[in-house]
Amino acid sequence: MKNKQPLYDETGFENIEIFGAREHNLKDIDVKIPRNRLVVLTGISGSGKSSLAFDTIYAEGQRRYMESFSAYARSFMGGLERPDVDKINGLSPVISIEQKTTSRNPRSTVGTVTEIYDFMRLLFARASEAFSYLSGEKMIRQTEDQIVERIMEDFKDKKLMILAPVVKGRKGHYRELFVQLRKNGYSRVRVDGEILEMTPKMQVDRYKIHDIEVVVDRIKVQEKDRFRISQSVKTALDQGKGLLMILDVKDKVTHFSKVLMDPLTGLSYDEPAPNTFSFNSPYGACPECNGLGKIEKITEEAILPDPELTVSKGGIAPLGEYRDIWIFKQIEVLLKRHKLSLSVKVKDIPREVMDEILYGTDKPLPIPSVKYPGTDWNLKFEGIVKFLQKQLDSGTDKTQDWVKNFVSSAKCPACHGARLKKESLFFKIDNKNISELSQYDLNGLTQWFEGLEERLSDRQRRIAGEVLKEIRKRLKFLLDVGLDYLMLDRPVRTLSGGEAQRIRLATQIGTQLVSVLYILDEPSIGLHQRDNVKLIKSLQDLRDLGNSVLVVEHDKDMMLESDYILDIGPGAGIHGGSIVASGAPEDFLKQKSLTAQYLNGKQVIAVPETRREGSGHSIMLKGARGNNLKNLTVEFPLGKMICVTGVSGSGKSTLIHDTLYPILNKHIYSGKKEPLAYSSIEGLENIDKVIEVDQSPIGRTPRSNPATYTGVFTEIRSLFSNLPEAKIRGYKPGRFSFNVKGGRCEKCRGAGKELIEMDFLPNVHVDCDECKGKRYNRETLEIRYKGKSISDILDMTVENAVEFFAHLPKILRKIQTLNEVGLGYITLGQHATTLSGGEAQRVKLAAELSKRDTGKTFYILDEPTTGLHFEDIAHLMDVLQKLVDKGNTVLIIEHNMDVIKVSDHVIDIGPEGGAEGGEIVCQGTPEEVSQNKKSYTGKFLKPEL
């Protein structure tokens, strides 16, 4: 019985052993990965790293977890496919931390995702002090006995009435209320400050706002009547839901309350609960913006874009040019009333007339009837804004999309972006409300929580102890992964892939799990070299807790600090999928693989001999002050490769994405996105095209693929429809689309695969048995070009397609660009869902680069090296350098030293992240930046040069 398997994998194996992995492009490989170590998986982009880490190891871990449920439970969940692998030993429970999993929900913020905000809500619900928003006084609450004592002391020997408030500031006639009160034996009420006897059928004015109190008792305060007074106070507090008023002979009102109440004005708050501070709950959210902090507003600027135009020539944008429609007739009559006509320019219409056009008028407009000549329709005009608002609230989807062209979002006027209702913002701890704390960066927040106990009262300290411990623990983990510049109210959808991943990493470290296999996908994205040390330390901490950490990564420091490196290659796609080198870093450096050569310095990305002079023109942006920018004036020299650098959170994205790009986009294409605050910009006449390539995925359905995304498929379809055989059969380009009826296989609707649902076993995707995975029906596949059908073309790799279409310049240009950015190994019809992050971004890049450049184009790239190996970066830089050689400008936001050292001009923003950033530390050639003592980028750039 020697070879009996141990019960637990944890004790049985010191390696994760994988036998016969064949998923995607993996070449039936056997791998051993040491357990409880920090292991880096590296290799050229598309070589099969993700196939091994996510599609094999993670998928098998997930499947084993699902298998642990009963067959009955599994039938509801839909199973997971078994990855194409013979056997995996030594696998622990797997947690993957990917980049794609960020939420697009505007309600999801850094605070809610990390749970820090939830703990702060608890803290404020239990330990905060309430203040009145009317008088600023501290709110008080009293017990029944305290109220009776106060009455006996303050009103001794005075006559008074004890009142219970039943209606506070509301409209209505309240007939039923008066009937009910009479039934309960009350005879007097105080309505709007006046004492009245109750009569049968009594009611008040339905359309006015009323305050109504019941007179519970009239009494002279004497010691002998203490029992009666305390009974009346109890009754009044029951009737008034915890509130009571005392009215003395001089008509002076004093308020008392069992709940929180302002002694001066009688304002009362409900008891605070955690959801009082939640902007996702109706109990806490600002009623105006529903807790979003922003409202969508139809703006006058969007409705009247060009004041030089006349009304009939489209001066009022939503209406367009004059047509014989009802709304134009109304406006014509309205203008005629003010002695104006439709041919008046928008700028010449007086303000009060424009207000009537936009916001409507109560005076009826006499509009001549076509059906009954000589008579008029007298109708009120509701105004353009109201009409658009109506469509926005209740129109069809298409109409709503159209109205959105005239909408811009503005800060909510009620809560000023704080997201919470008024009362919630007046609960404070140490003079700060919860919204003010959410606007601190995590560094500042940590400092505020330091020594908070000394600033609290004894009672608060006892309540807050445990909660503060939890909050500090979570803040520490976030600071440890280099996120000290984020704020709790920052929406998650504005974070980069790397930031979102590091937040999840911090949350995972916080759970303190052991014996787990963590798989991370390039956590260093968007992280400056300086903060890399912190990230590596966090991963080593995870390992030291007793976990195995597997990181898919191209970062030099990460590889050298790891315990073991696996290099997959040698090429990409069909040329990859094998293990080319492996071992501890010191052994790995002695090996011959491409990665090892880049690490040991045998291969390098060369620094150019000279830096470009540029075109002599530049774009000058002045006074940029969005988010954390400190009134910057930046010059972007044209005709150069510009690199914008700086630590994470220093303001790079604010400057480029949120300020510069919207300005250029608005200038050239009349884009709708509003730039953040800036003073002025000069030099726009020197560019005539702007192109931005960011990191959003290219499509989340299997129907999206490189051929459709780059637009080359349209050209290929029209090529096929022009073939003689296709013309004889009358086939149009639509016949060759797999997304519409006609040419596609109807059984799988052009997907090429079918989903077989198996109740108790995992669902499987199988090739469609009618078209055998070819996506088209037989007739369509009979049309051939050079012996290849449309389906064969989709299965062709980019490399082969370049040769195949060599003599068709229109098609070749787009495919050639895909090849140049290093995607020669993918097929034209590869599902977008199977592309890695780096591949998807390069498909986008290729789509943009294949468009004709004008020699005056301004390209903006956001970390294009994401997911790229050293060798891929070299290819990519060649493509970009060619663009700049033609006179275009390429601006790159980047942390990668290999890119920074080959650029012509570096703009370094910093010095720190968050509030400490937003200034220009230095700018100039890489050599000049590397000499600057203040620049963190310079420090890391120096050894590279």
Side-chain angles (χ1 to χ4, degrees), residues 21-29 31 40-56 84 99 521-522 525 551-555 559 565-582 591-599 603 605 695 697-698 705-707 709-710 794-804 814-847 849 864-880 896 898:
R22 293 176 294 276
E23 196 64 41
H24 295 319
N25 65 339
L26 295 177
K27 305 265 170 53
D28 202 355
I29 54 176
V31 194
V40 171
L41 259 180
T42 185
I44 281 191
S45 191
S47 61
K49 304 181 297 299
S50 298
S51 301
L52 179 60
F54 291 101
D55 303 332
T56 306
D84 193 357
Q99 300 158 21
D521 187 9
E522 286 201 71
I525 295 174
V551 189
V552 177
E553 187 58 275
H554 297 287
D555 183 72
M559 290 188 221
I565 304 175
L566 266 176
D567 189 7
I568 300 184
I574 46 176
H575 311 303
S578 311
I579 303 281
V580 287
S582 64
Q591 299 182 19
K592 297 265 185 313
S593 84
L594 197 56
T595 312
Q597 291 181 10
Y598 271 103
L599 284 184
Q603 286 260 18
I605 293 177
Q695 293 181 5
I698 63 169
N705 59 42
Y709 189 84
T710 53
L794 284 175
D795 292 338
M796 209 179 259
T797 63
V798 171
E799 287 170 303
N800 297 345
V802 171
E803 290 171 30
F804 188 77
K814 291 181 173 167
I815 301 180
Q816 183 75 43
T817 329
L818 278 170
N819 199 22
E820 281 174 2
V821 293
L823 292 176
Y825 57 89
I826 63 174
T827 62
L828 291 178
Q830 185 168 339
H831 300 317
T833 45
T834 63
L835 294 173
S836 70
E839 288 168 338
Q841 198 180 4
R842 281 183 296 165
V843 169
K844 271 181 142 172
L845 190 60
L849 297 184
T865 59
T866 301
L868 299 195
H869 185 265
F870 307 110
E871 185 69 8
D872 300 313
I873 294 175
H875 287 310
L876 176 69
M877 292 331 286
D878 288 345
V879 176
L880 296 179
N896 188 306
D898 290 324

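- Although no hydrogens or angles enter the test, the distance criterion places a donor-acceptor pair under 3.5 Å between the side chain of Gln591 and the main chain of Ser582.
- Across Ile605 and Ala874, no two heavy atoms sit closer than the pair CD1-N, 4.0 Å.
- Shortest non-hydrogen contact noted between Ile29 and Gly577 is CG2-O, 3.4 Å.
- For Ala846, the side-chain contact (heavy atoms from CB on, under 4.5 Å) partners two or more places apart in sequence, or in a different chain, are Thr817, Leu818, Val821.
- Tested against Lys49, the residues Glu522, His554, Glu553 include a single side-chain contact (heavy atoms from CB on, under 4.5 Å) partner, His554.
- Rounding to the nearest 0.5 angstrom, the gap separating the CG atom in Leu566 from the CG atom in Leu52 is 7.5 Å.
- In this structure, Glu799 CD and Ile815 CD1 are separated by 12.5 Å, a value rounded to the nearest 0.5 Å.
- What you find for Ala21 and Thr56 is that their closest heavy atoms are CB-CG2, 4.3 Å.
- Legend: residues meeting salt bridge (charged side-chain N to carboxylate O under 4.0 Å, His left out) with Asp872, ordered by chain and number and at least two apart, are absent.
- Formation of a donor-acceptor pair under 3.5 Å by the Asn25 side chain with backbone atoms of Gly573 is found in this model.
- One distance of note links OG of Ser593 with CG of Asp567; it measures 4.0 Å at 0.5 Å rounding.
- Contact record, Ile44 with Ser47: O-OG, 2.8 Å, taken as the closest heavy-atom pair.
- The CG atom of Asn800 sits 11.5 Å away from atom CG of Asp795, with the distance rounded to the nearest 0.5 Å.
- Atoms CG and NE2, on Asp55 and His24 in that order, are 4.0 Å from each other to the nearest 0.5 Å.
- Closest approach of Gly867 to Ser45, counting heavy atoms only: O-OG, 3.2 Å.
- At a threshold of 4.5 Å between non-hydrogen side-chain atoms, the residues Leu845 and Leu876 count as touching.
- Listed by chain and number, the residues in a side-chain contact (heavy atoms from CB on, under 4.5 Å) with Asp878 amount to none (sequence neighbours excluded).
- Between Gln830 and Asn705, every side-chain heavy-atom pair lies at or beyond the 4.5 Å cut-off.
- At least one donor-acceptor pair closer than 3.5 Å links the side chain of Lys27 to the backbone N or O of Gly576.
- The shortest heavy-atom contact between Ile568 and Gly48 is CD1-O, 4.0 Å.
- When side chains are defined from C-beta on, Val798 counts as touching Ile826, because their heavy atoms get closer than 4.5 Å.
- With Gln597 contributing its side chain and Lys592 its backbone, the two residues share a donor-acceptor pair below 3.5 Å.
- With rounding to the nearest 0.5 angstrom, the CG atom of Leu823 is 11.5 Å from the OG1 atom of Thr797.
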Give the C-alpha distance, both sets of side-chain angles, the deciding distance and a yes or no for side-chain contact (heavy atoms from CB on, under 4.5 Å) between Gln603 and Phe870.
CA-CA 9 Å; Gln603 286 260 18; Phe870 307 110; over 6 Å; no

For side-chain contact (heavy atoms from CB on, under 4.5 Å), just list the numbers for Asp84 and Glu23, CA-CA rounded to whole Å, side-chain angles, deciding distance to a tenth of an Å, and then say yes or no.
CA-CA 5 Å; Asp84 193 357; Glu23 196 64 41; 3.5 Å; yes

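- No donor-acceptor distance shorter than 3.5 angstrom exists from the side chain of Thr865 to the backbone of Leu868, with no hydrogens or angles considered.
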